[in-house]
Amino acid sequence: MASISQWYAGKNVLITGATGFMGKVLVEKLLRSCPDVKALYILVRPKAGQSMSERVQDMMKCKLFDRVREVNPDFHQKIIPISSELTQPGLAISPEDVQTLTSCINIVFHCAATIRFDEPLKHALQLNVIATQQLLSLAQQMQHLQAFIHISTAYANCNRRHIDEVIYPPPVEPKKLIDSLEGMDDSIVCDITPRLLADRPNTYTYTKALAECVVQQQSGKLNIAIIRPSIVGASWQEPFPGWIDNFNGPSGVFIAAGKGILRTMRASNDAVADLIPVDVVINLTLAAGWYTAVHRPKTALVYNCTTGGINPFHWGEIEHHVMSTFKRNPLEQAFRRPNANITSNYLIYQYWILVSHKFPALIYDLFLRLSGQKPQMMRIFNRLHKAIGLLDLCGPNSAELFLVIFQTFNFDVRQLNWPEYIENYCIGTKKYVLNEDMSDIPAARQHLRKLRNIRYTFNTVLLVFIWRVFIARSQMARNIWYFVVSLCFKFLSYFRASSTLTQ
Ligand SMILES: CCCCCCCCCCCCCCCCCCCC(=O)SCCNC(=O)CCNC(=O)[C@H](O)C(C)(C)COP(=O)(O)OP(=O)(O)OC[C@H]1O[C@@H](n2cnc3c(N)ncnc32)[C@H](O)[C@@H]1OP(=O)(O)O
Ligand SMILES: NC(=O)C1=CN([C@@H]2O[C@H](COP(=O)(O)OP(=O)(O)OC[C@H]3O[C@@H](n4cnc5c(N)ncnc54)[C@H](OP(=O)(O)O)[C@@H]3O)[C@@H](O)[C@H]2O)C=CC1
């Protein structure tokens, strides 16, 4: 249906979080599929020694924009960066920029957030809740605004068994919490955080729930929609299969498994994974923007954007396809051969952590120390354990997707072929996150063969060593050993004799 692209023609769009994973895909899709969009105003802050303009220049060089670059090499002219630090009063937008935005913006996509699970509550509140309030205040002043789209998460209400497409009462009145925490010492906030979180696993899901409430409370006359994606993964089709640029969520887990670092993970094989490709989320977001602006719903529309309800795939199946892909397309310089298993049993999990993570890390660090290098493997494992520990989230129940199919803005995940998607996802982590060249795969395979031989040699030496120690100490072990050896000899002589007879 062409009406979505047509609707965006001539529109001025404001995007927060445009430098992030989903924001970039949103910018690219708008430029490619809505070529007549007037301008994309993106709120960007200087970061890590780079100015706002340098960051935007870098972003536009990203491979993600290759397809749009082909059709429109001047696409950058449509991107207008606005300097903004969302944690500052007034979002630190200059009065001139406020004037520009309030006079021209037609639609707002609010993607910016801190998605760290271990973010201190005060900071998560500042960015995910207070900045949303401030953006809504700015939106209220926009004279030509037709829709405000807020990106939430399917996990905002993960303390519930069933999640409908409604905004639930918040765990606490946002204003009360903001007032109470203001001026409170950070260490006290840290102490009371677990009690505030109650049945939510982290400050991320807690503050995203508060943000939904703020959107509802401050919507006024705005046309609002809330998008709740589940676990956002690499792209399915657009701009090309498998595009991903970060270690968040499952991507870090896949990479660690592909590098042979991660050998075990605590999860249930039969649990629905609820991954959703980033292009599906963005297509739904743009379609929801159009729908909200055109149909002007009286209350905020909520879209749960997940796969679990209509095309479920399980972590056990994902494990199988991840392992199979990385065996066929190995990552460079793997630590060990990829061989990871998921288990829901706590004791088995702890056993494998000890035997397959900590023990090899200790040996490798010892080897590094002895060869005069800095030990690093234990540090890597500690970070990995922290990350996978934090990923141990409750999953949302099946949620319903807005089941309308558009050709240009496809978000019908019933057509998603999971094995193919997971294969492209893993290859995407290799190409776009680790920047590895596909032509190096033969060398990576050779490296895996070397690791296999090292493992066989190590296991044989270990076995012989243990056996020798055992034999030296036990008469019974010696007897068994002589018995086995004599049995082998008897078999050998029998076969030799029978083969001589048959000649
Ligand atoms: C065996 C095959 C397995 C297949 C099955 C496995 C099944 C298990 C299920 C696994 C997935 C379940 C996922 C559930 C998640 C629900 C998500 C809900 C979706 C959302 O709404 S938002 C997205 C979720 N948010 C995140 O994922 C962010 C999580 N990250 C963090 O909170 C922090 O980054 C973290 C992990 C606490 C680390 O913090 P810190 O120590 O301070 O380090 P930095 O963040 O500064 O990063 C330093 C450095 O490390 C790199 N990094 C970050 N994360 C990882 C990682 N997971 N693995 C490897 N490396 C990682 C990061 O890029 C930095 O690198 P630099 O080079 O920049 O230094
Ligand atoms: N990724 C996922 O699996 C899921 C994500 N979501 C939601 O989707 C949205 C986007 O997530 P995602 O793209 O993955 O997140 P990213 O971490 O990749 O991007 C976050 C964006 O927010 C911006 N931002 C953060 N802090 C500030 C600040 N103080 N001032 C200005 N900008 C800031 C970042 O800018 P900068 O580059 O300057 O840091 C970046 O552009 C979020 O609302 C998240 O809750 C929902 C479900 C799943």
Side-chain angles (χ1 to χ4, degrees), residues 14-28 42-52 54-56 58-59 62 64 81-93 108-117 119 122-132 134-135 149-158 163 202-212 214-215 226-235 243-253 273-282 284-285 303-307 390-391 393 395-396 399 425 433:
L14 175 66
I15 303 170
T16 70
T19 50
F21 170 47
M22 283 168 47
K24 275 202 283 261
V25 180
L26 178 66
V27 168
E28 193 277 342
I42 60 173
L43 299 191
V44 186
R45 57 179 172 169
K47 191 176 164 185
Q50 274 193 307
S51 69
M52 175 192 74
E54 285 166 342
R55 294 192 68 203
V56 177
D58 273 6
M59 177 181 119
C62 173
L64 175 74
I82 301 279
S83 178
S84 169
E85 166 54 67
L86 296 179
T87 55
Q88 294 303 310
L91 308 174
I93 305 177
V108 175
F109 292 101
H110 179 33
C111 298
T114 167
I115 64 165
R116 293 179 66 99
F117 295 142
E119 195 73 78
K122 255 190 174 177
H123 188 254
L125 194 69
Q126 185 68 47
L127 188 52
N128 294 352
V129 185
I130 300 174
T132 304
Q134 298 203 59
L135 189 67
I149 312 300
H150 171 75
I151 310 293
S152 182
T153 162
Y155 293 87
N157 301 290
C158 67
I163 298 156
N202 50 46
T203 54
Y204 170 61
T205 53
Y206 181 78
T207 51
K208 290 298 274 190
L210 294 179
E212 284 194 1
V214 156
V215 169
I226 295 180
I227 313 290
R228 286 194 193 133
S230 46
I231 302 170
V232 183
S235 60
W243 187 80
I244 177 83
D245 76 342
N246 60 69
F247 287 96
N248 293 332
S251 310
V253 174
D274 244 328
L275 271 183
I276 184 96
V278 63
D279 46 342
V280 171
V281 181
I282 294 309
L284 173 73
T285 303
Y303 300 91
N304 288 348
C305 185
T306 74
T307 49
L390 288 166
L391 289 178
L393 263 184
Y425 192 156
V433 182

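What you see below is based on every heavy atom in this structure, not just the backbone, and it leaves out hydrogens, waters and symmetry mates. Counting starts at 1 for both ligands and their atoms, in listed order.
- The shortest distance between side-chain heavy atoms of Leu210 and Asn128 does not fall below 4.5 Å.
- Here atom 43 (O) of ligand 2 lies nearest to Lys208 when heavy atoms of Arg55, Lys208, Arg228 are compared.
- Looking at Tyr155 against ligand 2, nothing comes within 4.0 Å, counting heavy atoms.
- The shortest heavy-atom distance from Asn248 to ligand 2 is not under 4.0 Å.
- Considering only non-hydrogen atoms, atom 42 (C) of ligand 2 lies nearest to Cys111 out of Cys111, Gly249, Ala131, Cys305.
- Using 4.0 Å as the threshold, Thr114 has no heavy atom nearer than that to any atom of ligand 2.
- Arg55 places a side-chain N or O within 3.5 Å of a backbone atom of Arg45 that can act as its donor or acceptor partner.
- Every atom of ligand 2 with a heavy atom of Phe21 under 4.0 Å away is listed here by number and element: 13 (O), 14 (O), 18 (O).
- In this structure, Ser152 has a heavy atom closer than 4.0 Å to ligand 2.
- Closest heavy-atom approach to atom 33 (C) of ligand 2 within the set Met22, Gln50, Arg45: this belongs to Arg45.
- Of the polar atoms of Gly20, at least one N or O is found under 3.5 Å from an N or O of ligand 2, judged by distance alone.
- Which parts of ligand 2 touch Ala112 is read off a 4.0 Å heavy-atom cut-off, strictly below it: atoms 22 (O), 23 (C).
- Judged purely by atom type and a 3.5 angstrom limit, Thr306 has no side-chain atom pairing as donor or acceptor with the backbone of Ser230.
- Of all the listed residues (Leu91, Leu127, Leu86), Leu86 holds the heavy atom that lies closest to atom 32 (N) of ligand 2.
- Considering OG1 of Thr207 and CD of Gln126, their distance stands at 11.5 Å, rounded to 0.5 Å.
- A donor-acceptor contact shorter than 3.5 Å is absent between the side chain of Glu119 and the backbone of Arg116.
- Taken to the nearest 0.5 Å, the OG1 atom of Thr19 stands 11.5 Å off from the CE atom of Met52.
- For ligand 2, the atoms sitting less than 4.0 Å from at least one non-hydrogen atom of Thr87 are 29 (N), numbered in the order shown with element in parentheses.
- Using modelled atom types, no side-chain atom of Ser84 and backbone atom of Ala92 make a donor-acceptor pair closer than 3.5 Å.
- In this model, a donor atom of one side chain and an acceptor atom of the other lie less than 3.5 Å apart for Tyr425 and Ser251.
- Within the 3.5 Å criterion, the main-chain N or O of Ala124 finds no donor-acceptor partner in the side chain of Thr114.
- At a heavy-atom cutoff of 4.0 Å, ligand 2 is contacted by both the backbone and the side chain of Ile151.
- Taking 4.0 Å as the cut-off, Pro229 counts as a neighbour of ligand 2 on heavy-atom distance.
- Judged purely by atom type and a 3.5 angstrom limit, Asn246 has no side-chain atom pairing as donor or acceptor with the backbone of Phe21.
- If you number the atoms of ligand 2 from 1 as listed, the ones under 4.0 Å from a heavy atom of Ser230 come out as 47 (C), 48 (C).
- Between the choices Ala18, Gly17, Ala113, the shortest heavy-atom distance to atom 20 (C) of ligand 2 belongs to Ala113.
- Side-chain contact between Tyr303 and Thr285 is absent, with no heavy-atom pair separated by less than 4.5 Å.
- The shortest N/O to N/O separation between Ser84 and ligand 2 does not fall below 3.5 Å.
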